[in-house]
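What follows is a single structure, written as structure tokens, with notes after it.
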Amino acid sequence: GTAKLSVKMNNELDCFLYPNQYVDYDADTPCVVYAAELCKGMDNQADIYKAVCNYVTGNFVYDFIKSVTVKPGLLPQIDECWKNRMGICQDLAAMTCAMLRSQGVPARLMIGTVGSNTYHAWVLASVNGEEKFFDPTAELQGSSKTDTYTTERYY
């Protein structure tokens, strides 16, 4: 059967401050624990965003082997990405979203294609009311930032 729901939220971005099936974390998730330490004392979303993105860019690598061996339908592996300091696009993007969300920055895990229909995931955060694009894969030389991004859905 189907159910029809009508939902009213004070702010349409509030749902991007919480975990979901694709950005799956809790207070004990290692990247969330670290984000609290990394962003300690920061109250400006721009500072938090910059600290998290710089940390991911400076401490992770793109997993080229997993990118060609991954099975369709696999959800992002945040803890595995954190532990191994590497992941594919969806792992890196979901982990970044978890870190940002846990620190009060609404962040969407964007899923779609880049360039000539290569399946891809990236981050779109709302920083002090302004949309900010972050593609950890491109930052880690796993893909090109100059390609066209086409959004299919987001979580």
Any donor-acceptor pair under 3.5 Å from Gln21 side chain to Tyr155 backbone: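 Side chain of Gln21 to backbone of Tyr155: no pair is present.
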
Given the rule that I, L, V, M, F, W and Y join up when any side-chain heavy atoms are under 4.5 Å apart, are [X] and [Y] in one cluster?
{"X": "Val33", "Y": "Val52", "result": "no"}
{"X": "Met42", "Y": "Leu38", "result": "yes"}
{"X": "Tyr62", "Y": "Val70", "result": "yes"}
{"X": "Phe133", "Y": "Val114", "result": "yes"}
{"X": "Val123", "Y": "Met86", "result": "no"}

Would you say [X] has more than 12 foreign heavy atoms packed within less than 6.0 Å of its [atom1]?
{"X": "Glu12", "atom1": "CD", "answer": "no"}
{"X": "Tyr154", "atom1": "OH", "answer": "no"}
{"X": "Tyr18", "atom1": "OH", "answer": "no"}

So, taking the atom named [atom1] in [X] and the one named [atom2] in [Y], what distance separates them when rounded to the nearest 0.5 Å?
{"X": "Met110", "Y": "Cys97", "atom1": "CE", "atom2": "SG", "value": "9.5 Å"}
{"X": "Phe134", "Y": "Leu124", "atom1": "CZ", "atom2": "CG", "value": "12.5 Å"}
{"X": "Thr29", "Y": "Met95", "atom1": "OG1", "atom2": "CE", "value": "12.0 Å"}
{"X": "Ile88", "Y": "Cys81", "atom1": "CD1", "atom2": "SG", "value": "9.5 Å"}
{"X": "Gln103", "Y": "Lys40", "atom1": "CD", "atom2": "NZ", "value": "10.5 Å"}
{"X": "Tyr22", "Y": "Ile78", "atom1": "OH", "atom2": "CD1", "value": "12.5 Å"}

Relative to each other, are the rings of His120 and Trp122 parallel, tilted or perpendicular (30° and 60° limits)?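 Geometry flag for Trp122 against His120: parallel rings.
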
Quick check: closest heavy atoms across [X] and [Y], and the distance to 0.1 Å?
{"X": "Gly142", "Y": "Phe64", "value": "CA-CZ, 3.8 Å"}
{"X": "Ser126", "Y": "Leu13", "value": "OG-CD1, 3.2 Å"}
{"X": "Ala93", "Y": "Leu109", "value": "CB-CD1, 3.4 Å"}
{"X": "Met99", "Y": "Val56", "value": "SD-CG2, 4.3 Å"}
{"X": "Cys39", "Y": "Ile48", "value": "SG-CG2, 3.9 Å"}
{"X": "Ala121", "Y": "Asp135", "value": "O-OD1, 4.2 Å"}

Hey, are the side chains of [X] and [Y] touching, using non-hydrogen atoms and a 4.5 Å cut-off?
{"X": "Gln77", "Y": "Lys83", "value": "no"}
{"X": "Gln45", "Y": "Pro106", "value": "yes"}
{"X": "Arg101", "Y": "Asn20", "value": "yes"}
{"X": "Asp79", "Y": "Pro30", "value": "yes"}
{"X": "Tyr119", "Y": "Ile111", "value": "yes"}

Who are the side chain to side chain donor-acceptor pair (under 3.5 Å) partners of Asn44, not counting sequence neighbours?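 For Asn44 the side chain to side chain donor-acceptor pair (under 3.5 Å) partners, ignoring immediate neighbours, are Asn128.
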
Listed partners of Glu130 passing salt bridge (Lys or Arg N to Asp or Glu O under 4.0 Å), at least two apart: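 Testing Glu130 for salt bridge (Lys or Arg N to Asp or Glu O under 4.0 Å), a comparison that skips the adjacent residues, returns Lys132.
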
Going by ring pair (Phe, Tyr, Trp, His ring centres under 6.0 Å), name the pairs with one or both residues in residues 71-109, residues two or more places apart or in two chains.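 Passing the test, one end in residues 71-109: Tyr34-Trp82, Tyr55-Trp82, Phe60-Trp82.
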
